[in-house]
Every structure is written in structure tokens, then in C-alpha cells.
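Single-structure report; data block below.
On a predicted model such as this, the values are computed, not experimentally measured, just so you know.
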2 protein chains.
Amino acid sequence: MGSKGEATRSRLIIGARELIETHGYSGTGLNQVLAVSGAPRGSLYFHFPGGKDELVAAAIEESGAEVGALIEEAADRAPDARGAVLGLLDAFAARLEESDFTRGCPLAATALDSAAADDTVRESCRRVYTSWQRALARLLAAEGRATAEADAWSVLSLVEGALLLSRSTRTLAPLHHAREAVTRLLTGP
Amino acid sequence: MGSKGEATRSRLIIGARELIETHGYSGTGLNQVLAVSGAPRGSLYFHFPGGKDELVAAAIEESGAEVGALIEEAADRAPDARGAVLGLLDAFAARLEESDFTRGCPLAATALDSAAADDTVRESCRRVYTSWQRALARLLAAEGRATAEADAWSVLSLVEGALLLSRSTRTLAPLHHAREAVTRLLTGP
DNA sequence: AAAAATATGTAGATCAGTCTATAGAGGAGT
DNA sequence: ACTCCTCTATAGACTGATCTACATATTTTT
């Protein structure tokens, strides 16, 4: 495993991540990925014998891990679960604004347009979303919240929906109002 | 304006709606649309000189109007805004389950993967989402809720996020938990 | 030298869009 | 009643580009 090979593999995943986040699975061509990452065609099928599906699945998992780390980071920084979610929303808002509303949830576009398609990619999306929900549930359960599992799903729904609407309307309003909603949801019992 | 022409135009939109809902903008080929609707290629460019973008935009608007009617219908049936949203969630849950988790929000896939596509489609999505938010805001304002505008965005985020997650995980859990969250959000001040 | 990785070339399918030809309906004029 | 004319709509072939995947050859690393 030469470091050169790993570097090329990494560049391919990075390129795929950038493209599928904004254009989804079908909207991303391998030629585009190759152009962005500067890798030759042969390298793609050497590192990802499964072709497009394997590359996209790897990109999804990597993006998922990155957001997972973002959740943990926000949890470390904030005094409680509510603060962690607010921090997460702020981080997403900043990302969305910096990218001129092209980068919201890195999985969403792919999760939706591959839902009826390939099993590999769809399964990756399912696994990543579930891992995020579990991370949130852990935070909520750590505060003794009885409905941690359910609340984690609701909070994740709120965040994902706000990202979708903010990106589509090109306004931070949905994300902004999601802050208030999270505060209300995670206050009290 | 023969009725024959209108019928063909309608069949094209119906076919486009079915396909873009599950595969998004990029994932839907015009050949597929033609095959599903049984219309010849020439008819497509006769009724939609703007090509794919114009057809998809028309499909988005029609789907948007249908969901808008669904909101009004739920509002008529329920005693208050909270009940209306719960009815809407139930309707979406039924739709999702009946379609084996392929049909959630009819716009979402297109809204996300058409970020780079022509402005026509993106603008249609933005307009439809905003119209849904306004419909919800009217319901909330009618009950004297001061934060109707903000709450409408939050509720819509919650619904859209739950649809996304339910479809991706192939479970009704997110939609189910969204019911509880809506109840909590729309109870009290 | 053997294995790992890179570098192109190419195949076959599908893509959106344009082109020309033609069928059908309804009105006008004789 | 009949033909002529026009507009609407259908019908499908065709184009050039692009797509994923595979094949083969070359370079780099161990």
C-alpha cells in the first residue's frame, strides 16, 4: 500500500464528496470526479473495483463520519445537549452561507435520488443517518431524558428539514427558526 | 386547443411527476418520461418548448399544488392547526408506506439535485416550499399564535426532515416521532 | 523481477434536443 | 356537399455529446 496510491484514492473520494453533495448521485458524473480530483480513469477502477457505487458509498461514509465528529465536537463545547444541537445548527448555517447555499446535508441529495436505486449507496445513507441519530440520542440520554431515542429522531428531522428548506429557499430563515424550535423541544420534560 | 392535446400534455406531466419524485431531476431521463406517458418525442417539445426544465418545473408546480390542497383538506378536517399537521403527517406516512418508501416529499429530490440546474426548476421549488410555509402560517395565525411565521417554518422543517429520514431509513419511526414533536411544539404559547 | 498504481483508448448505451414529415380538425369559399 | 387551407398535434429518425465500464499498455514502487 504505497502512500501514493492512498493519496489518489483519497483525492477521488474528496472529489466525489464535493460533487455528490451538491448534485446527488445521478447528477454526478465520473468524468467530473476525475476532472476535479485530477486522477486518471484507470486509477478509479483500480481503487474502486465496484465502480461508481463503491466510490459514492465511500464518499457517503466519509462525509457521515465527518458530521459525526462535528456532533461530538459540538457536544464537547456545549454545556448540555440543547447547546450542542444549537452549535450544530450554527455550524451548518455557516457552511451553507459560505458555500452560497450549495452545501447543506452532504448526504441528502444522494439519499433521495438513490432511494429507489442501488442497494449499496442506499444502505450507506441509512447507516449514516442512523449513526447520527444514535449520537444525538446518547447526548440526550446522558442528561437523563427518558424519551432520548424519540427526541433524537425529532431533532435530526428538524435539522435535516431546515437544511433542505434553507438550501432550497436560499435563506437562513428555516435554520434560524429551527434554533428556537430545538430550544422549545429540549426544554422541560 | 383540442382536448387531445391537453390530454397528452397532462400525461407527460403525470409521468414526469412520478419519476422526479423518486429519482430527482438528474436521475430522470426524458426517454423514461416518454415511455411512461406513452407520448412521442415530438409532442414533448411541442407542449414544452423549453424542454426538460419546463416540463420538470410544471411537474413541480402541480405536485406543489396537490400537497397545498392536502394541507387545506387536513385543516378543514381537524379542529385546530396542530390536528391539521398531524393529519398531514398521517397522510404522508400512508403514502410512504403504500409506495414501499419511494414517495415522500414530491419535491425534495429535485430541490436538492437541481442546485446547478437551470434557475427555472430551482425557482419553482423555492416558490412551492414558500407557499406551503404560508399555508401553515395562516393556520397558526388564525389561532392567534404570535410566532406563526417562525413556527410554520419549524413545522415544515420537521415534516420535510421526517419524510427524508423515513424514506432513507425505510422506517416510519421518524414520521411517528415527528407527531410527538409537533404536539409539543404547538402546545402552549 | 514482481506487484502496485497510473495512464489512455475505446465500446456500447443513453442523454437532451433538433429536424422533417404527416395526420387530424375546423373554417372559408365556391 | 365539396375542396382548399391552416393550425394543432403527433410521429419518429437523427445528431452530437456524455455516460459508465472495461481493456490494454506503461510507469512506479517494493
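Rounded to whole Å, the distance from CZ on A:Phe48 to C1' on C:dA5 is 14 Å. One interatomic measurement links the two molecules: CG of A:Leu44 to P of D:dA21, which rounds to 9 Å at whole-angstrom precision. Distance, A:Gln32 CD to D:dA17 P: 17 Å, rounded to whole Å. A straight line from CG of A:Leu30 to P of C:dA13 spans 19 Å, rounded to a whole angstrom. C:dC15 atom P lies 10 Å from atom CG of B:Leu34, rounded to whole Å. Between A:His23 atom NE2 and D:dT18 atom C1' there is a gap of 15 Å when expressed in whole angstrom units. Separating the CD atom of B:Glu6 from the P atom of C:dG24 is a distance of 20 Å, rounded to the nearest angstrom. Protein atom CG of A:Asp53 is 12 Å distant from nucleotide atom C1' of D:dA21, rounded to whole Å.
Each end of the helix from C:dA1-D:dT30 to C:dT30-D:dA1 gets its own axis, taken as the rotation carrying the C1' atoms of four end pairs onto the next four within a five-pair window, and the two axes meet at 0° to the nearest 10 degrees.
Side chain of B:Ser168 to backbone of B:Leu164: no donor-acceptor contact under 3.5 angstrom is found.
The shortest distance between the side-chain N/O atoms of B:Tyr45 and the OP1/OP2 oxygens of C:dG17 is below 4.0 Å. Between B:Asn31 and C:dT14 there is no side-chain polar atom (N or O) within less than 4.0 angstrom of OP1 or OP2. Between B:His47 and D:dT10 there is a side-chain N or O to OP1 or OP2 distance below 4.0 Å.
In this structure, the side chains of A:Trp132 and A:Leu88 stay at 4.5 Å or more apart for every pair of heavy atoms.
Side-chain atoms of B:Asp113 and B:Ser26 include a donor-acceptor pair closer than 3.5 Å.
Where A:Arg41 and A:Phe46 meet DNA chain C, the nucleotide closest to each residue was compared, and A:Phe46 sits on the side nearer the 5' end. The residue among A:Gly42 and B:Ser43 whose nearest nucleotide of DNA chain D is located toward the 5' end is B:Ser43.
The side-chain contact (heavy atoms from CB on, under 4.5 Å) test applied to A:Ala181 returns A:Leu158, B:Ser154, B:Leu185, not counting sequence neighbours.
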Salt bridge (Lys or Arg N to Asp or Glu O under 4.0 Å) between A:Glu21 and A:Arg167, worked out
CA-CA 12 Å; A:Glu21 175 167 0; A:Arg167 187 171 163 199; over 6 Å; no
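Nucleic acid contact for A:Thr28: sugar-phosphate only, since backbone atoms but no base atoms lie under 4.0 Å from a heavy atom of the residue.
Under the 4.0 Å criterion applied to side-chain N and carboxylate O atoms, A:Arg127 and A:Glu61 are assigned as salt-bridge partners. Between B:Arg126 and B:Glu123 there is a salt bridge, with a side-chain nitrogen of the basic residue lying less than 4.0 Å from a carboxylate oxygen of the acidic one.
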